[in-house]
Amino acid sequence: MAVEDEFYDPTGLETSATGLSTARPDDERYAALAADLREQVAGEVQFDEYAQVLYATDGSIYQARPAGVVLPRGIADVQATVEIASSYDLPILPRGTGSSLAGQTVGNGCVVIDFTKYMDDIVAVDTDARRATVQPGVVQDHLDERLARDGLQFAPDPASSNRATIGGGIGNNSTGAHSVRYGITDAYTEELQVVLADGSLIHTREVVLGSDEHDAIVAKDDAEARIYQTVRELVETHEDEIEARFPDLKRSVSGYNLQKVIYENDAGEEVINLSKLFVGSEGTLGVIVEATVSLVTKPDETALALYCFDDLVDAMEAVPEALEFPVSAVELMDDEVFRLARESEGYAEYAEPIPDGTTAALMLEWDNELVDDFGAAVADTNAHFVESGTAFDVLEAYSEADQDQLWKLRKAAIPLLMSLEGDPKPYPFIEDATVPPEELAEYVGKFENVLDTHDTSAAYFAHAGVGTLHIRPILNLKADEGIEKMHSIADDVTDLVVEHHGAFSGEHGDGMARTEFNPKMYGEDIWGAFKQLKTAFDPEWLLNPGNVVYREKASDPGPESDRGVGADMRDHLRYGPEYQSIEPQSELDFDDEGGFSHLVELCNGCGTCRQTDSDVMCPTYRASKEEIQTTRGRANMLRAAISGELGEDEIHSERFQREVLDLCVGCKGCKSDCPTGVDMAKLKAEVKHQYHEENGASLRSRLFGNIDALSALGSRLAPLSNLASSVPGSRRLLERVFGIAPERELPTFRSESFEEWFDRRGGATVSADEADAKVLLFPDTYTNYTYPDAGKAAVDVLEAANVHVRVCDDLEPSGRAAFSTGLLDEATSRARHNVETLRPLVDDGWHVAFIEPSDAVMFQDEYRDLLDGPDVETVAAAAYGVMEYLDLTRADDRLDVDAPAELLTYHGHCNQKATNKDHHAVGVLRRSGYEVDPLDSGCCGMAGSFGYEAEHYDISQAIGRILFRQVEESDGAVVTVPGASCRSQLGDRPGESQPPHPIEKVAEALEE
Ligand SMILES: Cc1cc2nc3c(=O)[nH]c(=O)nc-3n(C[C@H](O)[C@H](O)[C@H](O)COP(=O)(O)OP(=O)(O)OC[C@H]3O[C@@H](n4cnc5c(N)ncnc54)[C@H](O)[C@@H]3O)c2cc1C
Ligand code: SF4
Ligand code: SF4
């Protein structure tokens, strides 16, 4: 690598090809630093190896291990951190969610300042002035949610807005699909509070040049004065070059915003506003601790039209014409995106409406702020594109649902591409190059030649209206050849971009991927100005060195060290030729995922598992706001373990189990919600299994893994068994011996089990001969011994639908509890018995229905990981949740129902949400006559045995409280919940009883 020898390594340690320290960090120095920080900082200070691994990656292809992390509680914490880190001569790296794609949120030996946990408040919203003041860690969607109450929004809308912070958006100068209409973050960043490299705090805002205010600032003898003077001097000295070199684009986020820092304000005065310079500076000029941003009116309505072309270049050529219309977005997708979507289970439905022969599509959006009549606006563009024959078809979307479909297809591009099997992957490194829209078609033609020359391909999707093409060439970065190809493609593409008057980055910033090329884009003069600017703000080059700007040699202006020297996009790669991972011998079948290690490596760091508003993933992060409690955190730790970054056998250490795996509640949310399908519940089960193999399972794991046997005993001894827990001291004993939380209500056993009840009533009342169908009801542990009412209701409903019902009495428990605790031998043996028993019955026309969702999903999904062969597939295909069975077979059409006029609040089971089976209950309840409010809820926090475990009680409650709030906010008169664990969690609320299973509500609706 060209400048590897010169590259600054702040730890003073050798680095491997993957960018990680090959020796363990300088523990003593870091320990002293951490101790100093702990004395001065009210927030959290994490300098252990786990913290270093967790913050060594972001959403990019890069990896570099920091010294540690500070989670500040306020401005004073940030000032203290900057001062102390610089006294140890260590670099400083501010960070939001770390969803950046160019490597600007990782750095060797840096002290990371993570704002997301404590500095995430909305300080003030001034609706009259249309401004909001926020702390940097606030997530953009949270801000927008608050602003929507006043009909306002923060205009830049990155696709990552459900977890990306305002601080990170300012750091990167972020923007999104609506930049055609609104531009980018620098236009909305008005004032900032910034901690400078010397720890001082400045307030940036519009300052009229030559005013008393300005003169007072520059007359001081401090960092602020020096910065104002240098910036003005640089802008004035380089005026002509700035005019010539900065591209005339709606989006250009490469380099520093020298072209925007001095301007004429609304009153016609010449002002300097350093805020504009901090935007897009990627944490290299100062640490933002508060931001005041301007806001726009949120449109009430929008409409979309998708124009279908049979040629990609024709679609590109149509972009400038599309911009002649009053549109708010112009987006592009190509046939590779459609093909991948059609082949994917999760996205096929979105690609269905796309007409055959569509090689590329342009999607245009209008909003009610721009046009009064959507029909007329679309008719105008139809006349232009379709009637003239440029596009061969159009799909119009006016309803929210139809528009949502098309946006989902557009946003599916990255996840679809990233989940490609094998090592070659579509990596981001030239993924946001931007050229003027009128040059797009020609640029794309030449771009294709670059890809051909390098013998690779790519899918095309784009914010076409602003000339930003999201292209990710498919490369294998675990091989030297792939890495060299990446560099060569980047070199060629940056040449092309310069030729077409564009910007290397129009969206995601410079980072480690593009900083190397900035001299090519800006030329010697501006490049020199950038370096002077950096030195004025940060004389020791301590702030995120190596990003946006670098020094060619140590004797260049800057510190008397080699900090900030050199930049090579091939350094610090997460993978590299030396990267190796151990593929463990696994009990579960990982063939579909390409192996255990491939499933771990599928995590690309996008940060979607840090979103907190919808979807199931990830409840433990939602409750804790800890990186280690995200799916990404767990995947990063697993990757560090299997690739040797962590010590040998760390993966089987007690600490790894406790801190990395044990808090994963196994909700499977990530399996469906993670864009690349990192299935942490499965990975956890495998690693826990290996841990048990090596260390033996704890008494409690065995107890919960065999909860069925204990429940059977409890039922036999009821009511005596129920009294046991009220014997003084018994709960403390349970806590001491088994680690069971004393705060938890223990289940109440019924003396007559569900199976016994069914036998006592004489079995089925609808004979097999007369019935329309035959269903085996699975007597799960909860239904059988503690809550037979749900089973009885299921029998009543199925028989009312003329189904012949049998309660299987020769099956074993599903093995769900054993699986969740990693007792895979036990789970496998149960799965084998059940599949062998059921296969002949299924062949004989029986379906198998489950009252407990987690058991249904166990048969449908996990059994296929535990067993091979056609039997398991056949049984899995015949297994249904009971509500799913009614819905899919439409057996409920045969019911005579008349539900009371009642609004039900429905909380679905996370395992069913993860397998897309959660909507069935809602359909059946509605057809039974109920109104239903389905909650957008995740895991309840109970997760089988998890909520009973003493050390997990608090987090279980914290997760539960999120659900409790959602339930309280719903207008439903009754909550209905299929999962037994969720019913216990909700029933444990003071003064509340366990909610009914939805099948009980259907039974209630049956006409007498
Ligand atoms: C799937 C995916 C889609 C994306 N789509 C878009 C898109 O549509 N548009 C877009 O613009 N980007 C997009 N991004 C990139 C990224 O998500 C955005 O740039 C986002 O705004 C970054 O926010 P963050 O909180 O993750 O910031 P981080 O990644 O944590 O930080 C970003 C930069 O800001 C700096 N920074 C953070 N906080 C501060 C602070 N307090 N003071 C000073 N500097 C700070 C950091 O040092 C870093 O250089 C996407 C990323 C992914 C993975
Ligand atoms: S686990 Fe999935 S959602 Fe989370 S960062 Fe990794 S890829 Fe993104
Ligand atoms: S299974 Fe659930 S708790 Fe575990 S990582 Fe995935 S989403 Fe988070």
Side-chain angles (χ1 to χ4, degrees), residues 58-60 78 93-102 104-105 107 112-116 119 135-137 139-140 156-161 163-177 179 184-185 192 194-195 251 253 278 280-289 291 411 414-415 418 428 432 463 468 470 506-509 511 543-544 547-548 602-611 615-621 629-636 661 663-671 673-684 910 914 938-939 943 959:
D58 54 9
S60 73
V78 178
L93 175 50
R95 174 160 161 147
T97 286
S99 65
S100 285
L101 290 160
Q104 58 268 58
T105 33
V112 175
I113 307 178
D114 176 351
F115 288 96
T116 55
M119 289 186 69
Q135 290 186 311
V139 168
Q140 177 163 343
D157 58 343
S160 49
S161 64
R163 70 274 189 195
T165 62
I166 296 292
I170 293 174
N172 281 351
N173 203 355
S174 295
T175 180
S179 54
I184 60 181
T185 296
L192 298 174
V194 184
V195 173
R251 299 159 158 231
V253 305
F278 282 106
S281 66
E282 301 177 19
T284 62
L285 300 182
V287 183
I288 298 157
V289 288
K411 289 180 180 175
I414 294 181
M418 286 312 292
D432 64 336
H463 300 306
T468 304
H470 283 322
E507 191 167 278
H508 303 147
L543 295 163
N544 205 6
N547 291 279
V548 185
L602 271 183
C603 173
N604 56 43
C606 70
T608 312
C609 43
R610 285 177 65 113
Q611 57 86 26
D615 295 337
V616 183
M617 174 179 74
C618 173
T620 50
Y621 174 70
Q629 301 309 339
T630 61
T631 317
R632 172 171 80 176
R634 295 179 176 117
N636 273 328
L661 297 177
L663 289 186
C664 165
V665 293
C667 67
K668 291 168 78 85
C670 41
K671 182 182 162 103
D673 296 344
C674 161
T676 59
V678 174
D679 183 353
M680 189 52 64
K682 183 172 175 182
L683 291 165
K684 172 192 164 177
C910 46
C939 175
I959 299 172

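Whatever order the structure lists ligands and atoms in, that order sets their numbers, starting from 1.
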If only atom types and distance count, is the side chain of Q611 paired as donor or acceptor with the main-chain N or O of M617 below 3.5 Å? yes

Return yes if a side-chain donor-acceptor contact under 3.5 Å exists between T620 and R634, otherwise no. yes

Polar side-chain atom of R251 near backbone of G176 as donor-acceptor pair, under 3.5 Å: yes

Answer yes or no: is there a donor N or O on one side and an acceptor on the other, between the side chain of K671 and the main chain of A681, under 3.5 Å? no

T631 versus C609, closest heavy-atom pair with distance: OG1-CB, 3.6 Å

Heavy-atom distances under 4.0 Å decide this one: backbone, side chain, both or neither, for F115 against ligand 1? side chain

Pairing donors with acceptors under 3.5 angstrom, does anything connect the side chains of R163 and T116? no

For ligand 2, which atoms, with element, lie under 4.0 Å from some heavy atom of P675? 3 (S)

Any N or O on G96 sitting closer than 3.5 Å to an N or O of ligand 1? yes

Tell me which protein heavy atom sits closest to atom 32 (C) of ligand 1, plus the residue, atom name and distance to 0.1 Å. S100 OG, 3.2 Å

Which residue and non-hydrogen atom of the protein lie closest to atom 39 (C) of ligand 1, and at what distance in Å? P94 CB, 3.7 Å

All heavy atoms of S99 vs all of C606, minimum pair found to be CB-O, 3.6 Å

Under 3.5 Å, is there a donor-acceptor pair between the side chain of T676 and the main chain of L602? yes

Contact between L101 and ligand 1, counting heavy atoms under 4.0 Å? yes

Region of I170 that comes within reach of ligand 1 [heavy atoms, distance under 4.0 Å]: neither

Interfacing atoms of ligand 1 (cut-off 4.0 Å, heavy-atom, E282): 47 (O), 49 (O)

Can you pull out the closest protein heavy atom to atom 23 (O) of ligand 1? Residue, atom name and distance to 0.1 Å, please. A164 CB, 3.4 Å

Atoms of ligand 2 less than 4.0 Å from G605 heavy atoms? 5 (S), 6 (Fe)

Would P158 count as being in polar contact with ligand 1, using the rule that some N or O on each side must be under 3.5 angstrom apart? no

Of the choices K411, R163, R95, E507, which has the non-hydrogen atom that lies closest to atom 2 (C) of ligand 1? R163

Worked verdict on C939 versus V665 for side chain to side chain contact (heavy atoms under 4.5 Å, CB included): CA-CA 8 Å; C939 175; V665 293; 3.8 Å; yes

Mark up the atoms of ligand 1 that fall under 4.0 Å of a heavy atom belonging to C606, in ascending order. 53 (C)

Considering only heavy atoms of L93, which atoms of ligand 1 have at least one such atom less than 4.0 Å away? 47 (O)

Shortest protein contact, atom 8 (O) of ligand 1 (heavy atom only): A159 N, 2.8 Å

To the nearest 0.1 Å, how far is atom 8 (Fe) of ligand 2 from its closest protein heavy atom, and which atom is that? C606 SG, 2.4 Å

If every non-hydrogen atom of A102 is compared with every non-hydrogen atom of G509, which pair is closest and at what distance? CB-O, 3.8 Å

Taking N604 for the side chain and G59 for the main chain, is one N or O donor matched with an acceptor at less than 3.5 Å? no

Atom 27 (O) of ligand 1: which protein heavy atom is closest, and how many Å away? G168 CA, 3.1 Å

Establish, from distance only, whether the side-chain atoms of N172 and E282 form a donor-acceptor pair under 3.5 Å. no

Sub-3.5 Å donor-acceptor pair from the side chain of R95 to the main-chain atoms of T105, do we have one? yes

Looking only at protein heavy atoms, identify the closest one to atom 16 (C) of ligand 1 and say how far it is in Å. S99 OG, 3.3 Å

Shortest non-hydrogen contact from C910 toward V616: CB-CG1, 3.6 Å

Heavy-atom distances under 4.0 Å are what count here, so tell me which part of Q140 touches ligand 1: side chain, backbone, both or neither. neither

Looking only at the side chains, is there a donor atom on one of E507 and H470 sitting less than 3.5 Å from an acceptor on the other? yes

Heavy-atom closest contact (V287 atom, P94 atom, distance): CG1-CB, 4.1 Å

How long is the span from the OG atom in S179 to the CG atom in D157, to the nearest 0.5 Å? 7.5 Å

Is it true that a side-chain atom of T175 and a backbone atom of P156 form a donor plus acceptor pair closer than 3.5 Å? no

Under a 4.0 angstrom heavy-atom cut-off, which atoms of ligand 1 come close to V287? 42 (N)

Can you measure from CG (D114) to CE (M119) and round to the nearest 0.5 angstrom? 11.5 Å

Run the contact test for G286 against ligand 1 with a 4.0 Å cut-off on heavy atoms, strictly below, and give the result. yes

Relative to ligand 1, is T105 under 4.0 angstrom through side chain, backbone, both or neither, heavy atoms considered? side chain

Sort by chain and number the protein N/O/S atoms found under 2.8 Å from atom 6 (Fe) of ligand 3. C670 SG

If you scan protein heavy atoms around atom 18 (C) of ligand 1, the nearest is S174 OG, 3.6 Å

Contact partition for H508 relative to ligand 1, non-hydrogen atoms under 4.0 Å: side chain

If we ignore hydrogens and angles and just use 3.5 Å, is the side chain of N544 paired with the main-chain N or O of Q104 as donor and acceptor? yes

Report yes if some N/O of D157 lies less than 3.5 Å from some N/O of ligand 1; otherwise report no. no

Would a 4.5 Å heavy-atom cut-off, applied to side chains only, mark I184 and V253 as touching? yes

As an exercise, identify every atom of ligand 2 less than 4.0 angstrom from a heavy atom of N604. 6 (Fe), 7 (S)

Start with the C-alpha distance between T165 and F115, add both sets of side-chain angles, then the distance that settles side chain to side chain contact (heavy atoms under 4.5 Å, CB included), and finish with yes or no. CA-CA 9 Å; T165 62; F115 288 96; over 6 Å; no

Distance under 4.0 Å to a non-hydrogen atom of G167: what atoms of ligand 1 satisfy this? 36 (N), 37 (C), 38 (N), 39 (C), 45 (C)

Looking only at non-hydrogen atoms, find the nearest pair between G98 and D58 and report the distance. O-CB, 3.3 Å

Closer than 4.0 angstrom: is that true for some heavy atom of G59 and an atom of ligand 1? no

Heteroatom proximity flag, T175 to ligand 1, N/O under 3.5 Å: yes

Under-4.0 Å heavy-atom contact with ligand 1, by part of I113 that carries it: neither

Per-atom contacts of ligand 2 with C603, taking only distances under 4.0 Å to non-hydrogen atoms: 1 (S), 5 (S), 6 (Fe), 7 (S)

Find all atoms of ligand 2 within a distance of less than 4.0 Å from any non-hydrogen atom belonging to T676, and give their numbers and elements. 7 (S)

Please state which protein non-hydrogen atom is closest to atom 34 (O) of ligand 1 and give its distance, to 0.1 Å? G171 CA, 3.3 Å

Which of the numbered atoms in ligand 2 are under 4.0 angstrom from any heavy atom belonging to G607? 5 (S), 8 (Fe)

